[in-house]
Amino acid sequence: MTGLDSFAAAVQHSSFGEWAAATPLVYPVANTLHLLGLVMLVGGIGIVDLRLAGLFRGLPVAPLSRALTPIALMGLALLIPTGATMFAADPQTLVHSPIFRWKLTLILIAVTNALAFRVLLGRRMEAWRQQPPAAARVMAVGSIGLWLSVAALGRWIAYGS
Amino acid sequence: MTRFAFLAAAVLSLPAAALAHHGWSSYDASKAINIKAKFTSVSWANPHGSAKMQWNGKTWDVILAPVSRMEARGLTPAMIAPGQTVGLVGYPRRDGTREMRIERVIIGKKAIELR
């Protein structure tokens with residue numbers, strides 16, 4: 001048994017795992033709230049990303065980001081516990097799913113991209129009247145592509161082998 | 001628009017080879033299996049119940065329905081517990097994996113639809 005398998009078995013047999021798998025409504029409710037979190041995350045940060053990438057140039061960058069980034073963060077805060085709940089219901093299948101592994105990898109890259117943007121460029125946002133610098137535009141396009149790919153992979157877990 | 005095309009391409013190029021497990025499309029409805037069986041183990045759990053059984057000398061995985069659906073249709077864990085005789089109508093995987101997805105369970109004279 002590999003470390004991953006024993007981790008999955010431990011999660012499955014924990015009280016959290018048993019609650020997530022066997023309580024009839026826990027899984028569908030977690031699934032629904034996970035989708036709400038996704039809508040908030042992509043709907044929030046996606047608009048900021050499109051503005052940074054070059055669309056909607058009539059809208060000021062910094063206030064738009066101040067309004068929508070907290071929505072995206074709330075979405076992420078909803079995604080993590082609901083995702084953990086669905087993982088706990090079926091861990092032995094998920095640890096071996098290549099699609100699930102790709103999803104986690106892309107989440108890691110997307111979060112790193114977002115943190116790098118905040119640390120490297122976030123404070124200069126006030127100064128970007130029309131066109132953000134090329135680095136910001138690249139990160140913004142990357143952000144949209146990454147989060148949409150994460151969302152698509154999430155849906156595809158159910159159809160993967 | 002090239003940006004949107006790029007994004008669309010990025011999303012659409014995700015694993016196209018993946019269609020395998022949960023959709024009904026991966027099971028062959030033209031080869032309906034209609035048997036009486038006894039499960040050797042049952043998992044009454046989400047995202048869907050599952051069981052194992054011996055059939056024609058081989059171990060088969062049996063895919064049931066989400067817990068809330070099974071309960072809503074009147075199926076209980078006791079009805080399909082290991083050792084109970086259960087009527088099954090289901091379809092095998094197209095790719096030859098020994099796994100069937102169950103359309104309905106027949107307990108005595110009562111048919112319970114799982115789709």
Side-chain angles (χ1 to χ4, degrees), chain A residues 12-13 17-32 34 42 46 49-50 52-55 85-94 96-103 106 137-138 140-161, chain B residues 1-27 41-52 61-78 80-81 92-99 101 112 114:
Chain A
Q12 178 153 34
H13 297 118
E18 283 171 5
W19 172 78
T23 318
L25 285 181
V26 166
Y27 195 96
V29 168
N31 208 342
T32 305
H34 201 66
V42 177
D49 287 334
L50 288 176
L52 291 169
L55 270 65
T85 301
M86 287 191 284
F87 173 80
D90 199 16
Q92 315 221 39
T93 309
L94 289 170
H96 292 293
S97 159
I99 299 176
F100 180 70
R101 291 175 178 188
W102 272 110
K103 183 187 178 189
L106 292 196
R137 281 180 280 149
V138 168
V141 171
S143 171
I144 300 177
L146 282 163
W147 287 122
L148 290 180
S149 301
V150 166
L153 287 173
R155 181 64 288 205
W156 278 68
I157 288 169
Y159 304 95
S161 49
Chain B
M1 275 332 272
T2 49
R3 230 169 240 144
F4 285 114
F6 167 75
L7 291 176
V11 172
L12 292 174
S13 63
L14 293 169
L19 267 185
H21 199 176
H22 293 215
W24 285 97
S25 58
S26 9
Y27 300 89
S41 69
V42 175
S43 165
W44 188 266
N46 278 315
H48 53 72
S50 59
K52 287 189 187 295
D61 283 314
V62 178
I63 304 298
L64 304 166
V67 170
S68 53
R69 190 186 304 163
M70 293 193 288
E71 290 192 346
R73 306 265 170 93
L75 194 64
T76 66
I80 58 169
R93 274 269 288 270
R94 288 180 193 277
D95 66 5
T97 308
R98 282 191 287 275
E99 176 185 297
R101 184 155 185 177
I112 297 163
L114 293 190

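Residue numbering restarts at 1 for every chain, and letters A, B, ... go by the order of the sequence lines. Atoms considered below: every heavy atom in the structure, side chains included; atoms not considered: hydrogens, waters and symmetry mates.
The CD atom of Q92(A) lies 10.0 Å from the OG atom of S43(B); values are rounded to the nearest 0.5 Å. Separating the OH atom in Y159(A) from the OG atom in S25(B) is a distance of 8.0 Å, to the nearest 0.5 Å.
Using modelled atom types, no side-chain atom of D90(A) and backbone atom of N46(B) make a donor-acceptor pair closer than 3.5 Å.
Residue R73(B) qualifies as enclosed at atom CZ: its count of foreign heavy atoms under 6.0 Å is above 12.
Comparing P28(A), A21(A), A22(A) by how many heavy-atom pairs each has under 4.5 Å with chain B, the most go to A21(A).
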